[in-house]
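Throughout, protein chains are lettered first and strands after them, A, B, ... in sequence-line order, and every chain is numbered starting at 1.
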Amino acid sequence: MNPPNKSQLKIRTRFAPSPTGYLHVGGARTALYCYLFARQNAGEFVLRVEDTDEQRSTEDSMRQQLSDLKWLGYAYQEGVDADTLNDRGPYGPYRQSQRLAIYREYADRLLKEGKAYYCFLSDEEIAEQRAQAERAGRPHQVVSPYRNWSLKDAEKKIADGGVSPTVRFRVSDLNREYKFRDLVRGDVTFPSDMVGDFVLLRSGGMPVYNFCCVIDDALMKISHVLRAEEHLSNTLRQLMLYEALDFEPPQFGHLSIILGPDRQKLSKRHGATSVHEYRERGYLPEALSNFIALLGWSSPKGQEILSMSELIEQFSLDRLHPAAAVFDEAKLKWVNAQHLRALPHSELWNLIEPFLTRAGLQMPEDANWRERSLQLFKTSMEVLSDAVELYRPLSISGANGGFTVHDEARETLSWPSTVKVVEEWRKQLETAASKSTSAYLSEEEFATIQNNVKSNCAVKGKELFMPIRVAVLGKPHGAELKILVPLIEKSILIERAKIVLDHILRG
RNA sequence: GUCCCCUUCGUCUAGAGGCCUAGGACAACUCCCUUUCACGGAGUAGACACGAGUUCGAAUCUCGUAGGGGACGCCA
């Protein structure tokens, strides 16, 4: 169990995505841990949108990310609502672009107290400085000639017009070490000269990440900041700001990053990186959560398959692993398959149906038919989209389920007995069709037919089953015939047998 | 380049100085079940990055080395 923060009883976590692109699986994991930790401690989980990058932020992206978060089920008490995009909660607004006045106020305060200053350096001058530092092998830090200007002089220069300065934090006077205890890494120490005077407000007045982040976390009373490891060194700047602003810092925990198979930071060139893609491919939200939870955390019971409520119950900060983890899709698939199989059939059907519909397939309405089909296919599915190829031969939407004789069938078709078997299969089906008005064969009828084929053709084993399966599916491998065949209309079976016969005759 | 972080089977991890002949899971392989495919079951193989130290004893503590990652933005 995690001890409460000494100065704050209420645990409050936040997830603060920037709406540029899709929700990344790494972001999802951060959100998950924040959610789990808050839930487990009867705390609050806040969603804040960090949209201070005017160029790259889009409302579309925000909407998308919030919708993916909702799909994952990480409900937050406060923040931007996924459906209405309206704020919810007492510490709003929750979009940084709507908090500009707040940031300005604190910037003015720092300016007045001499902890920050106006800087008139141009992009070109900064680039030149960096190039020089590079050549000299010095740290790439900005040294502003304006750092010693008085606020009055700077304000006068601004009043004269023609300039739009940035506001920089004055770290150059600081000369000390900043220490903090990271929730996942332990004690971390940074020397203050690790960073140069950094920007608080851009020349347009738009604040910068490190500045907003500190103000918002403090104002929103966040107790625990769990975020990705790439922010570890930002913590130094933020600690300086907490001090300058006289805010009490939260507890920080820096989560290891997620790597691709080549041990580089997971990115698009590794394949799917967004929650959205996994959603579209037919992964279950509980399974994705289960899998990403295990990337850097382990169940104290050694459990591999955990439901959301088990995650909430078992999660703890002290089991967070500091090393980077490789995203292994094979294991994700396995986890998904486990969750899939545990689902009640009615629910499973509701989940696969959209995939079938999107693929243009149509299945019988009959509940019993659906039940039998799921029974048959459930163990062959790892992701929901696997249902498409499994169900395609059962579609009643015309075009005979897209039936074709598959390449895999070549060997079976080359056997001398195959023609005989398929021909007999067709004959038996036609007889059965003429005897009963039911569209489908019963399991018993199929058994009888199969037996007739067996004795009339004097074949058994592979020579019996494989040709029949080719006549049903177009390939020799697949589901068990005695359950599969009664799921397909007799007329369709007859048609397929004819197609296969035709195929053999044409060579 | 500078600073910070990290390092156990191919992958995710367990491991808090003796319970470690290093455990589990995915993947791989073998066998069993099975008319096929899958499911399921049983097994096999496979790791403490390296080097010093501390200690009676080190995967576990310390220091170095190497490798990987991150930061050094008017991105977040």
message: Looking at A:His321, I'd like to know whether one of its side-chain N or O atoms comes within less than 4.0 Å of OP1 or OP2 on B:rC6.
response: no

message: Whether A:Gln264 contacts B:rG68 is assessed here as follows: a side-chain N or O lying under 4.0 Å from the phosphate OP1 or OP2. Is that the case?
response: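 Negative; the distance criterion is not met.
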
message: If I take atom CD1 in residue A:Ile305 and atom C1' in nucleotide B:rU13, what distance separates them, rounded to the nearest angstrom?
response: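 My rounded result for the distance is 14 Å.
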
task: Salt-bridge test for A:Arg392 and A:Glu389: reply yes if a basic N is under 4.0 Å from a carboxylate O, no otherwise.
output: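 Result for this pair is yes, salt bridge flagged.
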
query: Is the shortest side-chain N to carboxylate O distance from A:Lys265 to A:Glu230 below 4.0 Å?
result: yes

Say you pick atom [atom1] in [N] and the same atom in [M]; how far apart are they, in whole Å?
N	M	atom1	value
B:rU60	B:rG18	C1'	11 Å
B:rA47	B:rC26	C1'	16 Å
B:rU7	B:rC48	C1'	10 Å
B:rC9	B:rG17	C1'	23 Å
B:rA59	B:rC19	C1'	14 Å

message: Return the pairing partner of B:rA58 with a 3.5 Å limit on both distances, Watson-Crick or G-U wobble; otherwise return none.
response: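 Pairing partner, where one exists within any strand: none, as none qualifies.
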
Base paired to B:rU21 (Watson-Crick or G-U; both N/O distances under 3.5 angstrom): none

query: Checking A:Arg319 against A:Phe315: charged group under 6.0 Å from the ring centre and within 45 degrees of the axis?
result: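 A:Arg319 over A:Phe315 ring: no.
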
- prompt: Is the NZ or CZ atom of A:Lys157 positioned over A:Phe120's six-membered ring, under 6.0 angstrom from the centre and within 45° of the axis?
  reply: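 The answer is yes, since A:Lys157 meets both limits relative to A:Phe120.
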
Residue-level proximity of residues 328-341 of chain A to RNA chain B when a heavy atom falls under 4.0 Å: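 RNA chain B contact set from residues 328-341 of chain A: A:Asp328, A:Ala330, A:Lys331, A:Trp334, A:Arg341.
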
- request: Please work out which residues in residues 100-107 of chain A have a non-hydrogen atom less than 4.0 Å from an atom of RNA chain B and list them by number.
  value: none

task: Mind checking side chain to side chain donor-acceptor pair (under 3.5 Å) for A:Arg95 and listing every partner two or more places apart, or none if nothing turns up?
output: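 Expected list: A:Glu59.
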
- line: Sequence neighbours excluded, the answer for side chain to side chain donor-acceptor pair (under 3.5 Å) partners of A:Asp407 is A:Arg410

Categorize [X] for me: base, sugar-phosphate, or nothing, with a 4.0 angstrom heavy-atom threshold over every strand shown.
X	value
A:Arg263	sugar-phosphate
A:Arg319	sugar-phosphate
A:Gly478	base
A:Thr20	nothing

query: Under the 3.5 angstrom rule, does the side chain of A:Gln64 hit a backbone N or O of A:Gly21 as a donor-acceptor pair?
result: no

- prompt: Just by distance, do the side chain of A:Tyr117 and the backbone of A:Leu151 share a donor-acceptor pair under 3.5 Å?
  reply: no

message: I need a per-nucleotide contact map over nucleotides 71-76 of chain B, read 5' to 3'. Cutoff is protein heavy atoms under 4.0 Å; write B for the base, S for backbone only, - otherwise.
response: SSSBBB

Name the atoms and distances for all side-chain donor-acceptor pairs under 3.5 Å in residues 374-382 of chain A, with sequence neighbours left out.
{"from": "A:Lys378", "atom 1": "NZ", "to": "A:His345", "atom 2": "NE2", "distance (Å)": "3.1"}

